[in-house]
Amino acid sequence: MKLFRSIVELQNELFEVRKSGKKVGLVPTMGALHEGHASLVKRSVAENGATVVSVFLNPTQFRRAEGQQDLERYPRTLDADCALLEACGADYVFAPSVEEMYPVEDKRQFDFPPVTTVMEGAHRPGHFNGVCQVVSRLFYIVRPDRAYFGEKDWQQIAVVKAMVRFLKLNVQIVECTTIREADGLALSSRNVRLTPEQRQKAPLIARTLKESANFAPEKSVQEVIDYVVRKYGKDRVVQIVTFGTLAARGVIRDVG
Ligand code: PAF
């Protein structure tokens, strides 16, 4: 496995890879890798002749004040990441500096309502714009045949697909199943930041979503709300995530 910090050097290498007829898979990450990322990388390795994993903590998707804190507290673990990627069979790690990725400020604006404006888009203005800025750059740099994203960030997949359609990029977006802990919590680099109390409560979100998705199709919105409150109490986070996700997936409609 080779590590690249320079765009031109990676592109020179990939030019030779493509010349030999190999398909290229890309797994974009921000590092702090875990078994969820490993599953994307293994799938890419199985489906492509060469797999590039980008490890880049993209500042443009952490814009406002709370975003800055999130960016500063995000775990940085490149050595451990490389060990995991090597074990998964990745061919190339691309870990550029911020200056390499953004030699000048990226002023492009990406907006694909409603998918960029609801749920996380409503609560983190500018976040999906930053995701589109960096993912489009990665696609221009690597020119992958396939790019792999986890369904854990389901809205991100929808945004990236809208961007690919808009920019007419020739890349297949491959959606990969969420990997979970035994109690149902989705693996995430940020889980290490949960307090013991939050960690204990977190699997409730997955459980509520799963059960309400089965319960909801034949019911009114009010019946779904009553069901969730009866079963799981009045926790606002659980309610917002449940209704937002069910609404976005079209399972329930007209959520106020
Ligand atoms: O999902 C992530 O880790 C990031 O949003 C991504 C796609 C790597 C872009 O920085």
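In what follows, every heavy atom counts, from backbone to side chain, and hydrogens, waters and symmetry copies are set aside. Ligands are counted one by one from 1 in listed order, and the atoms in each one are counted from 1 as well.
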With a heavy-atom distance limit of 4.0 Å, tell me whether V160 approaches ligand 1 through its side chain, its backbone, both, or neither. neither
Hey, what do you get for CD (E105) to CD (Q133), rounding to the nearest 0.5 Å? 8.5 Å
Using a 4.0 Å cutoff against the non-hydrogen atoms of V134, which atoms of ligand 1 qualify? 9 (C), 10 (O)
I need the nearest protein heavy-atom contact for atom 3 (O) of ligand 1: residue, atom name and distance, please. M30 CG, 3.6 Å
Is it true that E197 and K201 have a side-chain N and a carboxylate O under 4.0 angstrom from each other? no
Do the side chains of E100 and I7 get nearer than 4.5 Å, heavy atoms only? yes
Check each atom of ligand 1 against the heavy atoms of Q61 and keep those under 4.0 Å away; list them by number with element. 4 (C), 5 (O), 9 (C), 10 (O)
Can you list the ligand 1 atoms lying under 4.0 Å from a non-hydrogen atom of T29? 8 (C)
Considering the heavy atoms of P28, write down every atom of ligand 1 situated less than 4.0 Å from one of them. 8 (C)
Between N48 and R146, does a side chain to side chain donor-acceptor pair (under 3.5 Å) hold up when you go through it step by step? CA-CA 8 Å; N48 301 281; R146 302 186 184 94; 2.7 Å; yes
Check ion pair R193-D70 (N to O, under 4.0 angstrom): yes
Using a strict 4.0 Å cut-off to heavy atoms of Q156, name the atoms of ligand 1 that fall inside it. 1 (O), 2 (C), 4 (C), 5 (O), 7 (C)
Would you say the side chain of F62 lies within less than 4.5 Å of the side chain of M30, judging by non-hydrogen atoms? yes
